[in-house]
Amino acid sequence: MNQYILALDQGTTSSRAVVFDKKGAIISVAQKEFTQIFPKPGWVEHDPDEIWSTQAGMAAEAVSKKGLKAAQMAAIGITNQRETVVVWDRNTSEPIYNAIVWQDKRTADYCDELKKEGKSDMIRKKTGLVIDSYFSGTKVKWILDNVEGAREKAEAGNLVMGTIDSWLIWKMTDGGLHITDVTNACRSMLFNINTMDWDDELLELLTIPKSMLPEVKQSSEVYGHTSPNLFATPIPIAGIAGDQQAALFGQMCTKKGMVKNTYGTGCFMLMNIGEKPIVSDNNLLTTVAWKINGKTHYALEGSIFIAGAVVQWLRDSLNIIKTSAEVEKLASSVDSTEGVVFVPAFAGLGAPHWNQKAQGTIFGLTRGSTDAHIARAALESIAYQTMDILKAMEADSGISIKELRVDGGATVNDMLMQFQADVLNTVTVRPKIVETTVMGAAYLAGLAVGYWESPEEIQDIWQTDVHFNPTVEREAIEEGIKSWYKAIKALEFWTENP
Ligand SMILES: Nc1ncnc2c1ncn2[C@@H]1O[C@H](COP(=O)(O)OP(=O)(O)O)[C@@H](O)[C@H]1O
Ligand SMILES: O=P(O)(O)OC[C@H](O)CO
């Protein structure tokens, strides 16, 4: 009987399940979007039960399509939207509040207080992170401080917390496992990336009881098996990684200096920096790339909060396109933005600016500006934000980047990919299979159970589809870059002078 790997990708906007074969080919896919909850400006929540029901539903669908059977799955790998956090009751498995999503800004003022108290250096050295509401720790503190009775219950040992990987595995094992992996733990602002353990000083600072925390595991090992309530045959759960680290692995950026950028809701660029963490001098994050066979690899990361989401905004709020795909045609209908610059800071600005209070702004509008100019400026903003991060990465690592491997939903847009290559003046490489996030999770699980023998075996699966080479004259591009920096400066002034 043929054996396969089932990989689950619980993303910000949808839950997906994909079955892979040994050659890395996709055998079946199931995907479902779920509800985004915006209770107040700047707040973003998900219903943990809907996350679970959509993810479990998609897993069941993927393993039963095309005559497949659960018993054929050699292992399950899990990858997930990171930082988004759930607090639930250890005894009933009931969440006590919605999941607070990574984009949620409700703890921005508290983060500013921590900065004023002079905690930035200590937190950066221990966690590799800048203080920002993006990370899970302050979100958990908010739940404990604001949900009635939560703190007492937590202190009595009755509440547990976890990122989406923990929550899914808890549900998949009927509460049998409360675990996470190093790549998710390191996004909590509670985990020390030098000692590779939860940090008591940070837990005390954020007043989070240690009893709430999951056990931290490697990214590739057999953690346990699914409960018989999920699939008739228990399947080993054998890989966990946050989605961006999974994509780095799925892109086979396994050597120091290799870089990938994922263009989804946000954009996340990661550079493999080897087995020693580098503290960034340029406002990037240092993050754990993976831990396999006892060896930890680190990455520098630049996180952009709004990338493909700006296209959704054009579609859903401005209604100037009907589908995301239409943006390419509209943006290509003009040769330039005619001076329009769009900074889509709908959720503040992430790396390297870290401006929590920045808001989306469009500069340079004239009576001649049209929806096409705005659409083009929106796409260009994705490339400019990526450029800011690439420059910071080169400065931190001292490595000049030779090629950028790309993946994620927005990479189907050839115009965007070409513009990206032009702005970076660097070749942009799109692989044949752009499902690298979920593939990364499959690889991690497959390696743990011996489905694949070694990363070298997997290396041969990764294949290039298109190389986008820089083409245009630098002059026009440099003009555009100058305008982008002017816009970022103006936005800084706007937020500093409320
Ligand atoms: N042709 C396109 N051009 C630009 N952006 C696109 C295009 N098609 C989809 N997108 C964007 O890609 C994102 C979805 O990518 P995906 O990798 O599935 O995201 P996520 O994992 O964050 O949910 C959406 O924000 C969508 O607007
Ligand atoms: O679900 P995605 O692909 O938007 O990724 C979200 C990131 O993990 C947030 O850090």
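Both counts, for ligands and for their atoms, begin at 1 and track the order of listing. Since the structure is predicted, the reported quantities are computational estimates derived from the model, not experimental observations.
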Using a 4.0 Å cut-off to any heavy atom of V327, which atoms of ligand 1 qualify? 3 (N), 4 (C)
Where the side chain of T180 meets the backbone of N184, is there a donor-acceptor pair that is under 3.5 Å apart? no
To which protein heavy atom is atom 5 (N) of ligand 1 closest, and what is the distance rounded to 0.1 Å? A410 CB, 3.4 Å
For atom 3 (O) of ligand 2, what's the nearest protein heavy atom and its distance? D243 OD2, 3.2 Å
In the complex you have, is atom 22 (O) of ligand 1 within reach of the protein, judged by whether a heavy-atom distance drops under 4.0 Å? yes
One pair to check against side-chain hydrogen bond (donor to acceptor under 3.5 Å, both in side chains): T437 and D9. What are the steps and the verdict? CA-CA 8 Å; T437 300; D9 177 6; 5.1 Å; no
Counting each atom of ligand 1 from 1 as listed, which ones have a heavy atom of T13 under 4.0 Å away? 23 (O)
Does a donor on one side chain sit under 3.5 Å from an acceptor on the other, for E45 and N98? yes
Tell me whether the guanidinium CZ or amine NZ of K139 lies under 6.0 angstrom from the six-membered ring centre of W142 and within 45° of its axis. no
Going by the order shown, which atoms of ligand 1 are within less than 4.0 Å of some heavy atom of T265? 19 (O), 20 (P), 22 (O), 23 (O)
Closest protein heavy atom (residue, atom, distance) for atom 1 (O) of ligand 2: T12 OG1, 2.6 Å
Under 4.0 Å from a heavy atom of T265: give me the atoms of ligand 2 that qualify, with their elements. 4 (O)
Classify the ring geometry of Y384 against F419: parallel below 30°, tilted from 30° to 60°, perpendicular beyond 60°. perpendicular
Distance filter under 4.0 Å to Q312 heavy atoms, resulting ligand 1 atoms: 24 (C), 25 (O), 27 (O)
Hey, is ligand 2 close enough to R82 that some N/O pair sits below 3.5 Å? yes
Less than 4.0 Å is my threshold; does some heavy atom of G264 fall inside it relative to ligand 1? yes
Suppose I only count heavy atoms of A309 and a 4.0 Å limit; which atoms of ligand 1 are within that range? 25 (O)
Go through ligand 2 atom by atom and flag the ones less than 4.0 Å from a non-hydrogen atom of Y134. 9 (C), 10 (O)
The closest protein heavy-atom partner of atom 2 (C) of ligand 1 is S324 O, 3.7 Å
Give a yes or no on whether a salt bridge exists between R82 and D165, defined as a side-chain N under 4.0 angstrom from a carboxylate O. no
Within 6.0 Å of NZ in K65, more than 12 heavy atoms from elsewhere: yes
With salt bridge (charged side-chain N to carboxylate O under 4.0 Å, His left out) as the criterion, how do R376 and D335 come out once you've worked through the C-alpha distance, each side chain's angles and the decisive distance to 0.1 Å? CA-CA 9 Å; R376 191 172 182 105; D335 291 334; 6.0 Å; no
Identity and separation of the nearest protein heavy atom to atom 11 (C) of ligand 1: G308 CA, 3.9 Å
Can you pull out the closest protein heavy atom to atom 9 (C) of ligand 2? Residue, atom name and distance to 0.1 Å, please. E83 OE1, 3.2 Å
Counting heavy atoms under 4.0 Å, the part of Q244 that contacts ligand 2 is side chain
I'd like to check which ligand 1 atoms, numbered from 1 as shown, lie under 4.0 Å from a non-hydrogen atom of V412. 1 (N)
Whether F135 and W354 hold their rings parallel, tilted or perpendicular, with breakpoints at 30° and 60°: tilted
Under 4.0 Å from one or more heavy atoms of G11, ligand 2 contributes atoms 1 (O)
For atom 3 (N) of ligand 1, grab the closest protein heavy atom and report residue, atom and distance to one decimal in Å. N413 ND2, 3.0 Å
Could you go through S220 and W290, starting from their C-alpha distance and side-chain angles, then the distance that decides it, and tell me whether this counts as side-chain hydrogen bond (donor to acceptor under 3.5 Å, both in side chains)? CA-CA 8 Å; S220 176; W290 49 74; over 6 Å; no
In terms of atom number and element, which parts of ligand 1 are under 4.0 angstrom from non-hydrogen atoms of A325? 1 (N)
With distance as the sole criterion, is a donor-acceptor pair present between the side chains of T107 and K105 under 3.5 Å? no
D243 side chain to Q81 side chain, donor-acceptor N/O pair below 3.5 angstrom: no
Tell me whether the rings of W102 and F268 are parallel (<30°), tilted (30 to 60°) or perpendicular (>60°). perpendicular
Of all protein heavy atoms, the one nearest atom 16 (P) of ligand 1 is G409 N, 3.8 Å
